[in-house]
Structures are given as structure tokens and as C-alpha cells.
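First comes the structure, then the notes that go with it.
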Amino acid sequence: MDLETLKRVEQRVLWLATSIVHHANRVRPNRSGVKVGGHQASSASMVSLMTALYFAVLEAPDRVSVKPHASPVLHAINHLLGRLDRRYLTTLRQYGGLQSYPSRTKDPDPVDYSTGSVGLGATAPIWGALAHRYVAGHFDVPRGGRQIALIGDAELDEGACWEAIADPMVSRLGEVMWVVDLNRQSLDRVVPDIAAGRLAAMFEAAGWHTVMVKYGPRLAQRHDLRARIDGMPNEEYQRLMRAPAPQLRERLEVNTDDLSDEDLLATFRDLGGHDLAALIDGYRQADAVTDRPSVVFAYTIKGWSLPTEGHPANHSALLNHEQYRELAAKLGEDADDPFAPLAPGSPEADLCRETGGRLRRGAMRAVSAPRVPESLGRTHTGKASTQQAFGRFFVDLTREAPEVAERVVTVSPDVGTSTNLGGWINKAGIWSVGDRIDWFADDTDTLVRWREHDHGRHLELGIAEVNLVGLLGELGATWSRDGQPLLPVGTIYDPFVSRALEPWSFGIYAGGQSILVGTPSGVTLGPEGGAHQSVITPSIGIEQPGCIAYEPAFGQDFEWCFLHALSQLGKPGGTSAYFRLSTRPIDQSHHTGTREAAIAGGYRLKPHDSPQVTIAVMGALVPEALEAAEILGNAEVVCITSADQLFRSFQARSGHGDGNPDTLSSLFRPGVPIVSLLDGHPHTLSFLGSPITCLGVQRFGQAGDIVDLYEHHEIDAESVVGAALDLLS
């Protein structure tokens, strides 16, 4: 590698990244007057790291998650590699242009991982590595490469990072590499004290290999100056970096008489994260360890080479026109033609062309998911809960549609058996990075056979919901990454859906299609107490983009809707799903719905020729609705399987969205009052019509028998009758 040529490419990347932000804020007309924004300083600290990585280390199968605020660097590099047309360089944060943060689904150039929610982009390559290993162990896919995360040191404050690092499965992923941009700054401040050694020890305790890229060649030869820097807190280093040479000499208290002012300033700033040779060597050290993940700590300067470098307030600072022209002169660029191409035939242009060819990926051969059947042929009888139906579903699927079951992968955060997946786990086995011994295989009291091997189809993570949904997102993206669709299903206690919501939502945004099953749910889970009783999750189901939410009451409705949800996974234009299930057994003989109606959102469970009131019920409270209707005598009951689908119908009646405008009108009669009922927040169904009284749960729950709890929250049959009579009066 010609380091001089690489250095000139590095300068070009710095210039383009800075110019992309500058044009968006200082050149492009701003009609709204709202600051466009962008992060020139955060980008500058990443320029050397990404130049060394892309132009000297990466191979075509490798995938990289780029720090959100360094998106201009990614776009600059993609442009130089021939992956992004010049016309897009002036469109940062513009509608239809370059996104604020890297996006797999919205950016015009190749992006391996969407980033933006802090901590989630960092962990995505871990789940991407697991997803690729899983799909490669079950299907024929191209060889995978390294899974690399480029993150800021302040991002390590996020708990999502440490939840992922600590999971026992992660310590065996040798293809994972994190590169930490150790610039010692966050958004508002300099990161206090000296944290790198402590962070490295935490990674090593979790089984990771650590590499430090701290100094460049100047500082490597100055033991005295290096010792002084090693001992100073981050705040002091940042302050001295902005000091003039005479003041720096005085405050260093180290003999630097042999260095000119210019050399002293350059030596003090000579960090390894801006030395291309040191970075390449650090990356290769990480690559040499293949039995565990690696983390490279690269010491950098936030705002490197910019007038704002090292200043604690530089996070969102923008160069003015004068500073921009000074930077152009310093780098040998043209401020009036900032996006001019490299000179054809120059060493830099040749390096970019060669690198673009090396990193070019072949066309992906996409396989379609098998057709999902409309029914599994089970007759749902007796009293049963939807959680029980969920547990039986996969055993039935294996029997009736084995080619579909082969694509199913289930994931749980240590709650697989308690959410009724025991039968599936016994049949499918536990997927593991390599085989593990089941030390309880000969124990006759063990109901679940915990066989761990690399052909299993259930993944059991530790108790961390963020990890669960992060992995779901990547498993749900293999159709677009590897050409092999999976049908990922994650189980989680419904009260913890809120905890997992942001990463799951972000996974959907990034193109991951999966099914999240929240079970058990609501105050119906009475004996578990208030902390385990979900209230707002039905509303979350309505409001989550890229997802359809269901809360069926009957096993047959669950089967139909779940099969339909599986059929929507693993394909362009597909969608995720959320199922809210219950442990309350319900008499299955009351079921009267059809498949089409259940999938569409609901049906008349107990029709009436001329009802005076309609009871609209969802989920576990069907018995209360039927009892109330029996008492009233003049009521009909509508069983709602999906408030989400009905809200889409409500919107479609006004010409918004893509729902069926006829669904609501087929269920609810004009002018007939409605009492809505669910084990969740009452506003979930408040759009159904008028007049309406909405019953549900608006307070935190508590332990108790569900009879007492239903009465306490006024969702029992007597409360329904009272609400109906009030409406009729």
C-alpha cells in the first residue's frame, strides 16, 4: 500500500465529507429557515479510520455499520468508489437525497447497516453475524465476511452495547470487530477522566480481544511526552490541544526544547487514530484473532484538521465561508468546485477505482419463501388460551407444512418454555455456535430436551429484550442480505414490549421483517402483580409503522392470523407483525368467525337482528362481553382480532392509508351505540364510532384474582352492562 497516495485520498475524503455538510447548510437554499445540521467534527474524527479500513483492509463480503454522525464520510467514500453519483453530494438531509444517518432502505448508495439510534447500530453487526451464521448453517448462501461496527466512544455509554457484549453467545463470534473512535467527546462535553483502560478491561472480561491504536510515529519516539499524556485526564488533553505552542510547553512540564513550535504542536496531536499505517496494523492485529470478537480502540481528535478540532462545543459546529476556504487552501481543493472529480490517471483515482472493483459484490441470487398454507387443519375445542394455541402452532406447522417450518427460527430472552415453546424446542433443537453437551439429557424429570447444535431452529439469548429484537431484525433481513428468507418469531413477556420497542422499530425501519409475540398480557396476568401487567401495548401495535398488530381471542383466529403474518415475511414489500396473547382459557365453542374476517380485523361473534348497543371486545375479555350481551338481551358482540386493521379501515374511509374502508362499516351499524372493551388502554378502540363508551385499563395493575381485578378496573360484565345502559339512556 502506497501510504502517500492513501494520505491524499484521506484528505479528499475529509474535504468531501466537510463539503457535503457545508453545501447543505451554507449553499443550498433553505426555504423553512430551520437549521439543516450535520456533523463536520464527528465526521472528521472518523476520516482516517474509514479511509484505512475501506481502501486497505475491507473485502467484498465484509459489512460495516458506520457511526451515525459520520454518514457524510460514508457517502464521500461511496462516491470515490463509484457507488454514488456526484449529484447526490449536494442533497444531504434533503427530501429524496442523502439521509441524516446511514439508512439501508432510504439512502441512494449502498449502506450495510442502518444507524441512528445510539447503541443500536453498534450492536447490529453482532446480530448480523449470528444471522449469517444461522442462515449459512441451514441454507446455501455466499461466504460471509467480517461484521464491523464503527462507533464513537460516548456511544459505549448505552446499555444496549453492554447487553450485547455480555451475552455468552457473542464471545464466540470471531468475525465481529468494533472500531471505537476514541475522541474523548460526547455531544455536550469532554468525556471525564481516562476511560479507555477501564473500557478495554470490560471488553476483555467479556471474552473480547482488544487492540489499542494510541500513538503515531512522532509520539511513539517521545517516551517522556507520551508518559505525560498518558497521565492526564481527557479534559486536560483537549484543553492543551488548543493551546499555542509557548503555553503548551509551559503546561506540559516536559523538556521539549528540541522541538520547534510547529513540531511540538504536531507531535502533541500525533494520535494513532489519524496515522494510516498504525490503523492498518491495528486492523490486521484484530483480523489475526479468529476465535473471538475484537475491538480496536483508535485515539482520535474530534474535528481533526478543522478549525473546531478538540473544542468541547464542536459537535454541531459548522465552518463559515472563510473557514471553508481556508480548509480548501490547506487541502489543495477548490472551494468554488468542491465536488470536482479526481484527475483521471492520478494515483488517487487509480486507488479508488481498484478499491471499488475489489469491494464490488456479485449479484445476489434471491430465493422466495415457500407458500404458507391458509390453515393447519386443527380443530380448536374445549377451553384454551391463545398462548396455548401459539405453543401448538409450530408442532402443527412442522407436520402440515414442513417446508415452511424449515424457514422458521424462534428467539427468546430466556422465556422460551414459559411462553409455550417447549414442544417446538424439543422438535427443532437449540441453535448454537457449535455443539454443546446437554448434561441433563439422562434426567427423566426434564421435560424439555435442551439439545444445542448448529442445526437447531430456536435461539435462546440471555435476559435482555434489546438483544432479542436486535437479533430478530437481522434474522428478518437475510432475505435482502443473503437471498435466503427466514421467518423469525420472537417471544417476550408483553409488559416488556415497551422496553424492546425502539430497537425493534429500528430493525423494521432497516428492512428486518419479523413477528414479535407478547405473551402473557394485561391485568389478566393477575397473580404476577402490577409490574407484569401491560396497559399501553395495544396502542403501540396500532402506531408502529411497518407492522400489523393482532390480539385474537380464539385459537382458530390466532392460527389464521399467524399464518397470514408468516406469509408477509421475507420478501420485498413485506411487513412485520405483533401478536398480543393471553394465558386465559376461553371456551372455543363460541367462535363464529371466518378466516377472511379474522385477518381483516374482526367479525360479529354474537349477531343481533336489531341491536340497540354493540359490544366491541378484543382478546381475553370475550367471556365478559358475551355475559353482558346475554344480560342486556338487545346487544350484539363484535370480536376484534386486530385494532390495527380496523384503524386502517377508519383512515381509509377518509382517503388516508392503505386499509379497506368497508371493514368498519361491515361490523358496526350506523347510529348504534358502542361499548368497547379490552384488557389494555381504552383509547385503543375509541375510533370505532359514536356514541361510544370505552372500557379498559388506565391504572397500574396489582396482584389478585382476575375476577377482583376486572371489577377493580371496571372491565367486568357488570361494568359493561352499566356502560351500555348509560349510553341507551
Side-chain angles (χ1 to χ4, degrees), residues 1-11 13-14 41-53 55-56 152-153 179-185 190-191 194-197 200 211-285 296-312 314 327 330-331:
M1 173 62 66
D2 180 355
L3 289 178
E4 287 303 316
T5 300
L6 190 61
K7 180 69 178 176
R8 290 193 293 273
V9 170
E10 174 192 44
Q11 291 177 336
V13 172
L14 173 64
S42 295
S43 292
S45 69
M46 288 290 294
V47 163
S48 306
L49 276 63
M50 293 179 66
T51 301
L53 182 67
F55 290 89
D153 52 349
V179 181
V180 180
D181 172 16
L182 199 68
N183 61 41
R184 298 165 303 283
Q185 288 185 238
V190 175
V191 176
I194 307 170
V211 178
M212 286 286 179
V213 182
K214 189 167 187 179
Y215 296 123
R218 291 174 179 263
L219 270 175
Q221 298 173 12
R222 296 296 303 237
H223 299 284
D224 53 347
L225 190 52
R226 221 170 58 220
R228 173 71 174 91
I229 294 174
D230 285 343
M232 66 175 63
N234 294 335
E235 300 97 324
E236 183 180 9
Y237 182 83
Q238 296 295 104
R239 179 64 187 89
L240 293 183
M241 189 168 57
R242 296 185 62 81
Q247 186 183 24
L248 177 59
R249 283 185 203 280
E250 179 182 349
R251 295 179 64 171
L252 277 175
E253 300 174 352
V254 173
N255 187 351
T256 57
D257 292 343
D258 58 323
L259 296 175
S260 67
D261 285 356
E262 183 179 353
D263 286 341
L264 174 61
L265 294 175
T267 302
F268 189 74
R269 288 166 168 75
D270 187 32
L271 299 181
H274 298 298
D275 184 79
L276 296 171
L279 285 167
I280 294 170
D281 179 65
Y283 294 150
R284 288 175 177 162
Q285 287 183 51
V296 177
F297 289 96
Y299 282 71
T300 62
I301 299 171
K302 191 166 183 175
W304 175 70
S305 293
L306 304 181
T308 58
E309 71 173 11
H311 195 282
N314 66 8
L327 180 66
K330 175 182 175 181
L331 299 177

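This structure is a prediction, so every number in the text was calculated from the model and none was measured. Heavy atoms only: backbone and side chains are in, while hydrogens, waters and symmetry mates are out.
Closest non-hydrogen pair, Ala44 versus Leu14, comes out as CB-CD1, 3.9 Å. Taking both residues in full, the closest heavy atoms of Leu240 and Met232 are given as CD1-CE, 3.9 Å, listed atom of the first, atom of the second, then distance. Contact detail for Tyr237 and Phe268: the closest heavy-atom pair is OH-O, 2.7 Å. Nearest heavy atoms, Arg269 versus Glu309: NE-OE2, 2.8 Å.
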Practice task
Given side chain to side chain contact (heavy atoms under 4.5 Å, CB included), test Ile229 with Tyr215 step by step and report yes or no.
Solution key: CA-CA 11 Å; Ile229 294 174; Tyr215 296 123; 3.8 Å; yes

Problem - Trace of the side chain to side chain contact (heavy atoms under 4.5 Å, CB included) decision for Val13 with Met50 - result: CA-CA 9 Å; Val13 172; Met50 293 179 66; over 6 Å; no

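A donor-acceptor pair is defined here as one N or O able to donate and one able to accept, closer than 3.5 Å; such a pair exists between the side chain of Arg249 and the backbone of Thr256.
With rounding to the nearest 0.5 angstrom, the CZ atom of Arg228 is 9.0 Å from the CZ atom of Arg251. Here the straight-line distance linking atom CD of Gln221 with atom OG1 of Thr267 works out to 9.0 Å at 0.5 Å rounding. Interatomic distance, Asp230 CG to Leu225 CG, rounded to the nearest 0.5 Å: 9.5 Å. Between Tyr299 atom OH and Asp270 atom CG the span is 14.5 Å, to the nearest 0.5 Å. Between atom CG of residue Leu264 and atom CG of residue Leu252 there is a gap of 6.5 Å, rounded to the nearest 0.5 Å. Taking CG of Asp153 as the start and CZ of Phe297 as the end, the distance is 9.0 Å to the nearest 0.5 Å.
For the pair Leu182 and Met212, the minimum side-chain heavy-atom distance is 4.5 Å or more. When side chains are defined from C-beta on, Asn183 does not count as touching Trp304, because their heavy atoms never get closer than 4.5 Å. Residues Asp263 and Arg218 are in side-chain contact: their nearest non-hydrogen atoms beyond the backbone lie under 4.5 Å apart. Thr300 is not listed as a side-chain neighbour of Ser48, based on a closest heavy-atom distance of 4.5 Å or more. Looking at heavy atoms from C-beta onward, His274 lies out of side-chain contact with Ser305 at the 4.5 angstrom threshold.
A salt bridge between Lys7 and Glu4 is absent, with no side-chain N of the basic residue lying under 4.0 Å from a carboxylate O of the acidic one. A salt bridge does not link Asp181 to Lys302: none of the charged nitrogens lies less than 4.0 Å from a carboxylate oxygen. Salt bridge annotation for Asp2-Arg8: absent, with no cationic side-chain nitrogen under 4.0 angstrom from a carboxylate oxygen.
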Without placing hydrogens or testing angles, list every side-chain donor-acceptor pair under 3.5 Å for residues 277-285, not counting sequence neighbours.
{"residue": "Asp281", "atom": "OD2", "partner": "Gln285", "partner atom": "NE2", "Å": "2.9"}
{"residue": "Tyr283", "atom": "OH", "partner": "Leu49", "partner atom": "O", "Å": "2.9"}

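Screening Val211, Leu53, Val180 for a side chain to side chain contact (heavy atoms under 4.5 Å, CB included) with Val296, the sole residue that qualifies is Val211.
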